Amino acid sequence: MDYNHKIIEEKWQKFWKDNKTYKTTNESDKEKFYVLDMFPYPSGAGLHVGHPLGYIASDIYSRFKKQKGFNVLHPMGYDSFGLPAEQYAIQTGQHPALTTEENIATYRRQLDQIGFSYDWDREVRTSDPNYYKWTQWIFIELFNSYYDIEKDKAVSIDKLIIIFEKKGNEFVNACHSQEEIFTASEWSAMNEKDQREILLNYRLAYLADTMVNWCPGLGTVLANEEVKEGKSERGDFPVERKLMRQWSLRITAYADRLLKDLDPLDWTDALKEMQRHWIGRSQGASVKFKIDGNDNLIEVFTTRPDTIFGVTFMVLAPENELVDEITTADCKEKVAAYVKRSSARSERERMAEVKNISGEFTGAYALHPFSGEQIPIWIGDYVLASYGTGAVMSVPAHDSRDYAFAKHFVIPIVEVVAGGNIEEESYDAKSGKLINSDFLNGLEVKKAMKTAIYKMEEEGIGKGEINFRLRDAIFGRQRYWGEPIPVYFKDDIPYVLEKSELPLELPEIDKYLPTEAGDPPLGRATEWKYKGEYSYELSTMPGWAGSSWYFLRYMDAENNNDIFSDDATNYWGNVDLYLGGAEHATGHLLYVRFWTKFLYDIGKISITEPAKKLVNQGMIQGRSSLMYRATMHIWSKGDAYPPSEVPPLFVSNDVYKLFMESNKVERLSKDDEDRLSSYKDEIRDLEQESTTKFRSLYPNKSGEVRYGTSFTPIRVPIAIVKNDVLDINAFQNSGPENKSARFILEDGKYICGSEVEKMSKRWGNVVNPDDLCERYGADTLRLYEMFLGPLEQHKPWDTNGIEGVSKFLRKYWRLCHNADGEFEVSDGEPTSKELKSLHKTIKKVEQDIEKLSFNTSVSAFMICVNELSELKCNNRTIISDFTKLLSSYAPHIAEEVWNLLGNTESISIADFPAFDEANLTEDNFEYPVSFNGKTRFKLELPSNMSKDDVEKSVLESEESAKWLDGKTPKKVIVVPNRIVNVVV
RNA sequence: GCCCAGGUGGUGGAAUUGGUAGACACGUUGGACUUAAAAUCCAAUGAUCAUUGCGGUCGUGCGGGUUCAAGUCCCGCCCUGGGUACCA
């Protein structure tokens, strides 16, 4: 029988399913290994060829690890809450659960046909109440915890209450947003409502009035990382800032740990750098400035306390609360106008106007903490209300933004660090000696910083401080299709549900839109009340809630009594290899690290990081095909021909290029000139032809058809293009307007141009894995996706190349099948050549998989099969070992051959073939001999020959004489079994 | 602007980490088999000069440098892709 992928793949997929071949247990003597894919959001479009790339890589890796004797956990599930299903529900009225269910079924079918070794018994879906019950459970834990800075961990809120009862909050060292200080007796005197209100300022999940990113287009708030350049990441709707009472998670409490623990992780530097930047730790000091004639203080954060004597003005954010209070009467009007103007501008506009310097003087003065000098207080857009205290001390000599501001408004600039030229620009570097700075004079910047902070602390002016760019994460979404937040309100105060009351399930609603009163969609469920009495929280959790801990649930997915068992998490530990897209760098990957640390703090798990090693697979881009359409004119004195009937003219790629070239360069080569003029003739002929035709069709109209020589690239569906050659027939049948199309061809073919861009329906360049599985089979698809190039790299998809790997599999099949298509292997000892070929491959493939270099191992397979074919090898041992080697890449064909070899068990439990160096030793080595670094000839010599003998043999060889040309070599370099270089 | 990643044939990409640049494939061209096609197999394929042949020269984004030897290391640029954006 010829290699028939359809029969074979169906057969083994059924076998794996029936026999639960890939079931993983939590009890094993073997060492564990956890390979995780970032789970997909099941979109309606299904998978395109780019999605499975990472899944195939991780599948090969898992199967390989299994072969090497590990107990491998390799699960899959769905991030099934999310906006698209809800948007679809709004449009169609169809319940998102139904759409999601259908989409998941499609995904599953597509995944199954590629032959993955997932243990499907561990599947999770974030939208399944059995799963989100535990997401809610974690929320309750967060609500019931605060962050103790001294212990540097989350602690039960009950402990905090005890402290309040004993000592009040003055000495509590916790992460909080509580401003007032109270004593123990004051606490005890408070009613429950006030107490609970205060506790909210300490909880890790808290409700507070916060500036949020409000997206009217989606009708919900978004977290910072869901906003890209002022627009929503999903849907690309504008986002505005708005003050709202919202649920947030106090991720900032973990900022330091999130930063510190990054170092030892085996993640790419780029990714770690992105996280570091996102967390944005800066060290400096907070300094208090008195205001002249006002009791308030302006507190600022600065990273340059050393430049304190260079402060010549202060700038407050327009939103700063102090603005109103300190502005003098004569400045009121202008300041108010400025505040109004900047508040009206969206975040996006503000960003776009970075270069525009704007601001307004408040009329008020601050007093320099050391010199007591008056410092004017300004307000300005460039100071952000959301960072630090929303106020800065401006040191124009040593900060480029302050410099620009000072220059613009003509404010004095005082140099305090020597080394730059402040006439020209600010000197921002953190090196040089202090000048004009009283007690800091003569100190180096670093020393000056310490001294300044010391003095500030001594005099109670300020203190050393660390600031983070990271903001607390907004946790509520005014949406339906997400986890309900397990909270109800009594007297406007939030209470969490008892854990025994979970899950709090999503209620049914009539429409997936906000209520008339403007409440989120859950407000439509009017009967939905806690104990039939208290209102539930109406917003739901964001998309990343469920994905922040799913890797743990896989370890014990079927546990009904607990979120997961200690045994399971202790056994599986961290994810050993986590594979997914780089787009999750600051969203998902930061949150999953945060929740992992929190679960560690409360003693649920014993790891502090989710994944030891993380790899981002590159995106597979689409390759769009382009046609070039000539501009068309109708020249007419009177009544013209209807333009819609003039046939469009398309020119082939080469023709297009030639025309473009002729516009760019002054002179074309003779050859090109000739071709160009022949194309021009062709265009003229077509114009003539059309004109003649129109004259006869429309005898009453006058005119001429002309085609211009400027061209518009038009995308054409890749389905009607093969190897860049357009199927002209198919194109003409693709639409009425194309029916009459004219072409200027090259060699009788229309060659399309191409462009690499995102794979998308819009560009007609989507390639579906279903078609490829049907035509070539899953094994071929798997191999080809890997063959395409390095895993991490972005690369364009080009279906043409798939023939190569398809040929390879058929060649491998033929190795163990005779001319009649019958399975046939020979017994007996393999030859040394055969062994050499095999073992070379074993070594290479093993090394390659370990370093995730899958593309090169596919080449190695091809080389091996080419060699074995050459040797006409069908030796049982060789075929058997090679099959084991191949099985992680092409599991179906490997199972089949394995079975034909007489094995009854699945190949997935067979060991990885053992490598024996002895098979690779060579008697001779063919030395490349170079003269002055240029390879001139090759010389075969025994591999154990000494350096001196090699040198001698080389110099004595006939060929050398020619290159030495009678001269004596200056130097001869011999690298044993590598190279010989003669310097003349 | 800043921070990453990357520039190698017509194309995707290899290169034992300083040691034969272009493996392996695609594509193209020519050939074999066939009534024909498909499939399969064989050969050529970086550029250029020369050609009867041997062959020569150039060549890993650009310009320098280190070295017996550089795609690989160092210095200075250019370009492409990604991230980020007044973070005090």
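Note that the structure is a prediction, hence the values are computed from the model and not measured. Residue numbers begin at 1 in each chain, while the letters A, B, ... track the order of the sequences.
- Checked by atom type, the side-chain pair A:Lys811/A:Asn866 shows a donor-acceptor distance below 3.5 Å.
- The phosphate of B:C26 has OP1 or OP2 within less than 4.0 Å of a side-chain N or O from A:Lys807.
- Between B:G76 and B:C68, the two C1' atoms lie 26 Å apart (nearest whole Å).
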From CA spacing to verdict: salt bridge (charged side-chain N to carboxylate O under 4.0 Å, His left out), A:Glu940, A:Lys938
CA-CA 7 Å; A:Glu940 186 157 321; A:Lys938 282 164 194 171; over 6 Å; no
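- The side chain of A:Val983 lies closest to B:C68 when the candidates are B:C68, B:G19, B:A25.
- With sequence neighbours excluded, no residue forms a side chain to side chain donor-acceptor pair (under 3.5 Å) with A:Asp727.
- Set against B:U20, B:C86, B:C68, the side chain of A:Lys971 has B:C68 as its closest nucleotide.
- Closest approach to the A:Thr303 side chain among B:U20, B:C41, B:A88 is made by B:A88 (side chain taken as heavy atoms from C-beta onward).
- Across all strands shown, the partner of B:G81 is B:C4, judged by Watson-Crick or G-U wobble contacts whose two distances both fall under 3.5 Å.
- Per the geometry, CZ belonging to A:Phe405 stands 12 Å off C1' belonging to B:C86, to the nearest Å.
- B:U17 has its base syn relative to the sugar, with a glycosidic angle deviating from 0 by at most 90°.
- One finds no side-chain N or O of A:Arg469 lying less than 4.0 angstrom from the OP1 or OP2 phosphate oxygen of B:C86.
- Only the P atoms considered, B:C58 is 15 Å distant from B:G64, to the nearest whole Å.
- The side chain of A:Arg936 lies closest to B:G56, out of B:A88, B:U20, B:G56.
- Across every strand in view, B:G18 sits unpaired, with no contact that passes the Watson-Crick or G-U test at under 3.5 angstrom.
- With no hydrogens or angles considered, a side-chain donor-acceptor pair links A:Asp848 and A:Thr856 at under 3.5 Å.
- Note that the CG atom of A:Asn653 and the CG atom of A:Leu626 stand 8.5 Å from one another [nearest 0.5 Å].
- Taking for each of A:Gly388 and A:Ile802 the nucleotide of RNA chain B with the nearest heavy atom, the 5'-most of the two is the partner of A:Ile802.
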For each nucleotide in nucleotides 5-15 of chain B, reading 5' to 3', give B when a protein heavy atom comes within less than 4.0 Å of its base, S when such contact involves only the sugar-phosphate, and - otherwise.
-------BSSS
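- Judged by atom type and distance alone, A:Asn800 does not reach the base of B:C26 through any side-chain donor-acceptor pair under 3.5 Å.
- For A:Ile979, the side-chain atoms get nearest to B:G19 when compared with the rest of B:G19, B:A21, B:G83.
- Side-chain N/O atoms of A:Ser857 and A:Tyr889 include a donor and acceptor closer than 3.5 Å.
- Of the candidate nucleotides B:A25, B:G19, B:A21, B:A25 has the atom lying nearest to any side-chain atom of A:Asn866.
- Between B:U40 and A:Arg810, a contact under 4.0 Å exists linking OP1 or OP2 to a side-chain N or O.
- Nearest-nucleotide positions on RNA chain B place A:Gln621 closer to the 5' end than the other of A:Gln621 and A:Gly390.
- A:Asp798 and A:Asn800 share a donor-acceptor pair across their side chains, judged by distance under 3.5 Å alone.
- Put simply, A:Ser282 has a side-chain N or O that comes within less than 4.0 Å of OP1 or OP2 on B:A88.
- Within the shown strands, B:C62 is the pairing partner of B:G76 under the Watson-Crick or G-U definition, both distances less than 3.5 Å.
- In this model, no donor atom of one side chain and acceptor atom of the other lie less than 3.5 Å apart for A:Ser426 and A:Asp399.
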